[in-house]
2 protein chains.
Amino acid sequence: MRVRGDKPAGPYRHSRQRERILELLRDTRAHPTANWLFDRLRREFPRLSMGTVYRNIGILIEQGHLNRCAFGNAFDRLDANVRPHYHFLCDRCDAIIDLDLPIDRTIDTWLGKAGGFVVRRHDLEFRGLCPTCASQA
Amino acid sequence: MRVRGDKPAGPYRHSRQRERILELLRDTRAHPTANWLFDRLRREFPRLSMGTVYRNIGILIEQGHLNRCAFGNAFDRLDANVRPHYHFLCDRCDAIIDLDLPIDRTIDTWLGKAGGFVVRRHDLEFRGLCPTCASQA
DNA sequence: GTTCATGCAAATCGTTTGCACAATG
DNA sequence: CATTGTGCAAACGATTTGCATGAAC
């Protein structure tokens with residue numbers, strides 16, 4: 001029996017709302033928020049709800065049509081190591097590990113020269129298995 | 001006149017709670033959450049409140065003693081470009097720009113060999129001024 | 001004694017979910 | 001017609017804030 005919140009057993013059906021969400025996202029390079037989609041689509045679907053937007057975003061990501069980028073406002077972790085450094089995030093144990101790789105500043109200047117950007121800093125994070133989890137796999 | 005939520009006009013005063021927050025964060029490499037600090041410190045300050053934790057985190061960040069890393073679990077911005085690519089975030093106009101830099105996979109294998117990590121992917125984001133804002137500065 | 005910091009509770013923001021009804025295949 | 005998708009509203013978790021009281025200088 002199918003329970004609340006579970007993925008459907010059968011294939012996804014067609015939905016006009018989901019179709020338009022993907023179209024809108026493919027037509028822009030602005031990396032919109034869920035709320036932007038909601039405002040934009042309410043013109044076409046006056047009774048649209050946020051639940052529908054979020055549910056469809058989830059499905060589209062699962063289908064590989066979208067990526068989510070979480071720059072910022074989410075769940076914060078704190079770090080008293082204020083020297084610049086990179087991070088490794090373990091997929092299995094959720095550890096966040098400071099790396100002591102050298103910071104490569106040459107890439108910043110390259111980006112500035114090539115594209116007209118003024119680069120103040122860059123952040124690099126790796127994901128995968130930390131040494132402990134990797135040795136248990 | 002000083003209004004609610006504003007920074008104090010004078011210098012920050014000493015606070016035992018803030019002192020302990022910084023001590024705890026300097027004693028760990030686990031990149032704790034605000035809630036971890038709260039649980040941990042309630043033993044010493046039974047009447048501690050979350051408001052105090054968050055306010056002090058903000059002050060410590062402003063003083064340069066802490067960094068906040070947002071490795072979000074939540075949706076934030078969406079991207080229909082599902083090919084791997086890097087991002088540039090403009091400090092002034094908040095634009096998020098897809099970069100077509102080549103993805104450098106060599107660094108993944110290096111990290112695996114050197115430290116025993118299994119690297120599945122990496123994310124690289126730059127911050128600074130986008131070409132448009134840079135030309136106006 | 002001035003004003004910054006705290007505790008508490010309520011408010012806020014983005015996101016998720018339960019449920020009854022509508023749409024799809 | 002079996003089951004997925006929707007709208008609505010309420011629930012949620014992390015964070016922020018108003019306000020009266022307590023602590024620092």
Side-chain angles (χ1 to χ4, degrees), chain A residues 1-23 31-63 65-66 68-78 94, chain B residues 1-22 31-63 65-78 94:
Chain A
M1 183 203 186
R2 180 151 169 254
V3 216
R4 43 184 184 146
D6 279 9
K7 285 194 293 197
Y12 291 114
R13 295 179 180 169
H14 178 260
S15 130
R16 179 119 178 71
Q17 289 87 333
R18 183 153 68 240
E19 181 184 53
R20 289 291 294 135
I21 287 174
L22 185 53
E23 279 177 23
H31 302 75
T33 62
N35 194 59
W36 182 89
L37 287 170
F38 178 67
D39 284 344
R40 200 74 206 304
L41 283 172
R42 208 153 35 157
R43 306 174 199 165
E44 306 172 32
F45 307 95
R47 340 212 72 185
L48 184 69
S49 83
M50 270 303 212
T52 297
V53 173
Y54 278 108
R55 273 182 292 237
N56 280 319
I57 288 172
I59 291 173
L60 289 168
I61 287 173
E62 198 199 313
Q63 294 175 335
H65 297 305
L66 292 188
R68 61 166 58 154
C69 4
F71 304 117
N73 319 7
F75 211 77
D76 278 334
R77 315 272 306 238
L78 302 163
D94 289 325
Chain B
M1 183 202 184
R2 181 155 166 251
V3 216
R4 34 167 194 166
D6 280 7
K7 285 194 292 197
Y12 291 115
R13 295 181 181 169
H14 178 261
S15 131
R16 179 113 183 80
Q17 288 89 331
R18 183 153 68 239
E19 180 184 54
R20 289 291 294 134
I21 287 175
L22 185 51
H31 301 77
T33 62
N35 194 58
W36 182 90
L37 287 170
F38 177 67
D39 285 343
R40 199 75 206 304
L41 283 173
R42 210 157 31 159
R43 306 174 199 164
E44 306 172 31
F45 307 94
R47 339 213 72 184
L48 183 69
S49 83
M50 269 304 211
T52 297
V53 173
Y54 278 107
R55 272 182 292 235
N56 280 319
I57 288 172
I59 291 173
L60 289 168
I61 287 173
E62 199 199 312
Q63 293 176 336
H65 297 305
L66 291 188
N67 274 139
R68 150 183 284 167
C69 3
F71 306 115
N73 320 14
F75 295 149
D76 199 355
R77 313 282 299 253
L78 302 162
D94 289 325

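Every chain is numbered from 1, with letters handed out A, B, ... down the list of sequences. What's counted below: heavy atoms across the whole structure, side chains too, no hydrogens, waters or symmetry copies.
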Report the nucleotide, chosen from [options], that has the shortest atom-to-atom distance to any side-chain atom of [X].
X: A/Ser15; options: C/dG7, D/dT6, C/dA5; result: D/dT6
X: B/Ser49; options: C/dC4, C/dC8, D/dT16; result: C/dC8
X: A/Leu48; options: D/dG5, D/dG7, C/dA5; result: D/dG7

Chi angles and distances behind the side-chain contact (heavy atoms from CB on, under 4.5 Å) call for B/Leu48, B/Val53: CA-CA 8 Å; B/Leu48 183 69; B/Val53 173; 3.9 Å; yes

A/His31 vs A/Trp36 side-chain heavy atoms within contact, under 4.5 Å: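 No, too far: nothing below the 4.5 Å cut-off.
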
5'-most contact on DNA chain C: B/His14 or B/Pro46, nearest heavy atom basis?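 Going by which nucleotide is closer to the 5' end, it is B/His14.
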
Verify the contact: side-chain N or O of B/Gln17 to OP1 or OP2 of C/dA5, cut-off strictly under 4.0 Å; return yes or no.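 Answer no for this pair, as no side-chain N or O of B/Gln17 is under 4.0 Å from OP1 or OP2.
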
Would you classify B/Arg55 as touching base, sugar-phosphate or nothing, given that sugar-phosphate means primed atoms plus P, OP1 and OP2, and contacts are heavy atoms under 4.0 Å?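 Contact class for B/Arg55: base.
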
Base, sugar-phosphate alone, or nothing: which one does B/Asn56 contact when heavy atoms must sit under 4.0 Å apart?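 Touches sugar-phosphate only.
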
Assuming nearest nucleotide by heavy-atom distance, tell me which of B/Ala34 and B/Arg16 is located more 5' along DNA chain D. B/Ala34

Starting from [atom2] on [N], measure out to [atom1] on [X] and report it in whole angstrom.
X: A/Arg42; N: D/dC8; atom1: CZ; atom2: C1'; result: 13 Å
X: B/Met50; N: C/dC8; atom1: CE; atom2: P; result: 13 Å
X: A/Glu62; N: D/dG5; atom1: CD; atom2: C1'; result: 15 Å
X: B/Tyr12; N: D/dA23; atom1: OH; atom2: C1'; result: 17 Å
X: A/Phe38; N: D/dG7; atom1: CZ; atom2: P; result: 9 Å
X: A/Arg13; N: C/dA23; atom1: CZ; atom2: P; result: 13 Å
X: A/Leu37; N: C/dG14; atom1: CG; atom2: P; result: 14 Å
X: A/Ile57; N: D/dT6; atom1: CD1; atom2: P; result: 12 Å

Pairs touching residues 47-56 of chain A that satisfy salt bridge (charged side-chain N to carboxylate O under 4.0 Å, His left out), sequence neighbours left out: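 Those involving residues 47-56 of chain A do not exist here.
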
Is there a donor-acceptor contact under 3.5 Å from the side chain of A/Arg20 to the main chain of A/Ser15?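 Not confirmed, A/Arg20 side chain does not pair with A/Ser15 backbone.
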
Is there a donor-acceptor pair closer than 3.5 Å between any side-chain N or O of A/Arg40 and the backbone N or O of A/Ile21?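 Here the side-chain-to-backbone pair does not exist.
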
